[in-house]
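Data block below; observations after.
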Amino acid sequence: MSFESAVAILGLQAPLEGLSVHAAEAIATPVGRDATPGAATPAIDARRVARSFGSRRALVEVSLAVAAGEIHALLGPNGAGKTTLLRVLGGLMAPDSGLVTVLGADATRSLRSHRARIGLVPSGDRSFYLRISGLENLVFFARLYGLRRRAATERANEVLAAVGLEAEARLPVGEFSHGMQKRLSVARALLTRPSVLLVDEATHDLDPHAARVVRELVREISAGGAAVVWATQRIDEIRGLAQNVTLLRAGEVRYTGSVVKFAARVRVTRHVLRLRSRAGSTAPSLFLLRQLLAPVATVEPAVDDPELFVVSVRDDCSLGDALAQLTGDGVDVLSCRELQSEIEEAFVQLTGDEPTG
Amino acid sequence: MSALGHAAPGRIGLLREELAKLSAFLRRDLLIAWSYRLAFVSEWSGLALQAVMFYFVGRLVDPSVLPTYGGSQATYMEFVAVGIAMSAFVQLALSRVGTGLRAEQVQGTLESLLMTPTSPSTIQLGTVFYDLLYIPLRTAVFLVLTALAFGLHFDSGGFLPALTVLLAFIPFVWGLGVANAGFILTFRRGGGISGLVVTLLTLFSGAFFPLELLPQWGQHAARLNPIAIAIEGMREPLLGGSGWDGVAGELLVLVPLSALSLAIGLLAFRAALRREKRRGSLGLY
């Protein structure tokens with residue numbers, strides 16, 4: 001059998017002219033590295049992407065652009081279409097219509113030379129071989145990325161150290177905790193020094209410390225020049241992590257733009273106040289508070305703590321008006337915080353769903 | 001230099017890269033198999049017990065009803081040992097090749113594999129590469145151990161021709177397995193139909209009884225059955241000492257059948273994979 005015939009049988013594609021065909025070369029020179037945030041050509045450019053499953057529309061004319069070095073949050077409740085969009089961007093699923101360009105190439109063609117530059121951190125634990133060690137898993141995947149055995153082992157050890165798993169490297173993955181498996185997922189994505197990283201619910205079910213570790217790792221990858229799409233329904237984590245956000249609801253884009261502007265869309269009107277009567281050092285009665293605040297706000301008791309109240313300021317008034325009213329009439333304000341952050345408020349207003357996480 | 005001239009070295013490089021990945025799959029599956037040592041022991045024990053059972057059944061069988069090979073009369077145990085080895089080979093290979101990718105799908109590793117710059121065909125081959133090496137080896141070891149344990153006479157000069165028949169037969173089973181893998185990928189369950197096909201092919205293969213016992217139409221059907229052709233192709237040199245002359249006819253039929261089976265299997269599998277990608281249901285199980 002000739003090489004040509006064997007190539008045809010194995011279904012190998014011819015390399016694109018001008019692009020490196022060898023995975024090792026691709027890993028060494030990711031194209032996204034050259035780009036800078038805000039560059040004319042985004043690393044990820046999805047335009048009017050539509051995808052249905054039977055009669056259910058999972059994505060409706062979704063557009064998304066992510067520059068190199070940017071972390072772009074993909075926010076939305078369950079079933080919003082986040083995972084579907086990530087799978088389309090990763091070339092794992094073909095859209096019904098629309099254009100998807102990743103690193104300058106058509107993602108729907110799923111070119112092999114480009115897959116070496118795209119990392120995926122899937123949701124859930126089920127993406128490793130549980131009977132073999134974390135190190136052997138990573139060496140296996142590194143070899144599928146084209147590294148020779150010695151180089152694969154060296155790289156696997158490097159990324160295991162980067163995610164803090166070097167001590168557990170030789171344990172079977174089946175013995176890993178949820179958080180450790182998630183870190184191993186990030187380590188696998190790091191194997192190729194990806195130019196594009198797709199992260200699906202990476203911190204779902206992780207404890208705060210493990211979640212912070214994963215976020216830091218992703219932030220470092222982004223700082224190295226990778227375009228990151230971070231799908232989540234944990235609203236609290238996108239502040240300080242993502243520069244831009246796209247909010248999906250039932251497959252439709254409800255908002256896309258900067259996180260700062262997203263948060264600025266709403267005025268927070270609901271606050272949780274801890275109040276105490278100055279005279280008796282006891283919690284003021286709900287009846288009294290409603291009387292005092294009637295011109296400026298409404299009051300509801302918070303759950304399980306007699307000193308906590310939820311104060312909703314009227315549209316034509318400010319929180320300061322309410323606080324002045326209270327302190328002027330003998331009620332001390334011991335603490336005050338927003339009931340939901342402005343990001344959470346925007347989420348609720350745009351999706352109609354209460355956020356999770 | 002022509003465009004083709006540019007592309008050819010690239011393709012050869014790609015092919016080398018893809019072939020190098022097979023050793024990664026092999027190492028992975030060796031490590032996984034080693035982690036299931038008890039299952040390994042159970043599998044060999046089951047095969048040995050099956051051989052013991054046929055030894056006692058063989059004592060009930062009148063050797064005169066058995067066909068002669070090279071003019072000499074084989075015992076039932078000699079006759080059936082080749083049949084046991086080959087039917088176990090077919091069943092195990094079909095099952096493992098068919099369910100290899102399904103296992104990746106259920107484990108959740110299939111999408112991770114597809115995210116790597118690896119051809120789907122390499123992934124398919126990689127998931128069964130260990131089995132494609134292990135199962136023929138297991139078949140050969142079984143025949144040797146059975147011969148030693150039960151005092152069977154196999155012509156030593158027939159081992160190489162018999163091995164060649166086995167090698168020519170592997171792509172046929174592989175093709176069926178790959179088609180089965182595509183079926184399972186599409187319909188999520190494929191054991192029923194593939195099991196029925198294997199049982200039918202084995203029934204008309206002469207693995208456990210001579211084909212002459214079948215009705216006339218069954219004997220005609222068996223002449224077209226690649227499993228029957230492969231089994232006879234192994235018995236001729238091992239039991240009759242026919243050497244290469246005894247297997248030439250079988251090889252002439254088996255080689256094109258194997259090529260056809262493998263080509264159809266790979267096409268069916270690629271079509272199934274494309275369909276799953278289009279439907280977006282690769283990760284579902």
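These numbers were taken from a predicted model, which means no experiment stands behind them. The chains referred to below are lettered A, B, ... by the order of the sequence lines, with proteins before strands, and numbering in each begins at 1.
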In terms of heavy-atom contacts, R143(A) and K21(B) come closest through O-CG, 3.7 Å
List the residues meeting side-chain contact (heavy atoms from CB on, under 4.5 Å) with A231(A), not counting sequence neighbours, and say none if there are none. L74(A), K82(A), L86(A), D200(A)
Residue part contacting chain A, namely of E104(B), when any heavy atom lies under 4.5 Å: side chain
What do you reckon, is CZ of R149(A) surrounded by more than 12 foreign heavy atoms closer than 6.0 Å? yes
Kindly check if the number of other-residue, nucleotide or ligand heavy atoms within 6.0 Å of CH2 (W244(B)) is above 12? yes
What residue, out of A20(B), G108(B), A263(B), has the most heavy-atom pairs lying under 4.5 Å from chain A? G108(B)
List for me each residue that meets side-chain hydrogen bond (donor to acceptor under 3.5 Å, both in side chains) alongside N225(B), sequence neighbours excluded, and say none if there are none. none
Between Y129(A) and Q107(B), is the side chain to side chain contact (heavy atoms under 4.5 Å, CB included) condition met? List the steps. CA-CA 8 Å; Y129(A) 302 97; Q107(B) 285 174 146; 3.5 Å; yes
Could you grab the distance from atom CD1 of I123(B) to atom CG of L144(A), nearest 0.5 Å is fine? 7.0 Å
With no hydrogens and no angle check, is any side-chain donor or acceptor of S127(A) less than 3.5 Å from a backbone partner on S112(B)? no
Quick one: CG on D29(B) to CZ on F140(A), what's the gap to the nearest 0.5 Å? 7.5 Å
More than 12 heavy atoms from other groups under 6.0 Å of CZ on R57(A): no
Minimal heavy-atom distance between T116(B) and R115(A), with the atoms involved, is O-NE, 2.8 Å
Taking side chain as everything from C-beta outward and backbone as N, CA, C, O, which of these in R188(A) sits under 4.5 Å from a heavy atom of chain B? Side chain, backbone, both or neither. side chain
What part of L113(B) is in contact with chain A, defined as an atom under 4.5 angstrom from a non-hydrogen atom: side chain, backbone, both or neither? both
For I118(A) and M115(B), which heavy atoms make the closest approach, and how far apart are they? CG2-CE, 3.7 Å
Identify the heavy atoms of I32(B) and I132(A) that sit nearest to each other, and give their distance. CG1-CG2, 3.7 Å
Look up atom CG in L120(A) and atom CG in L114(B), then write down how far apart they are to the nearest 0.5 Å. 11.0 Å
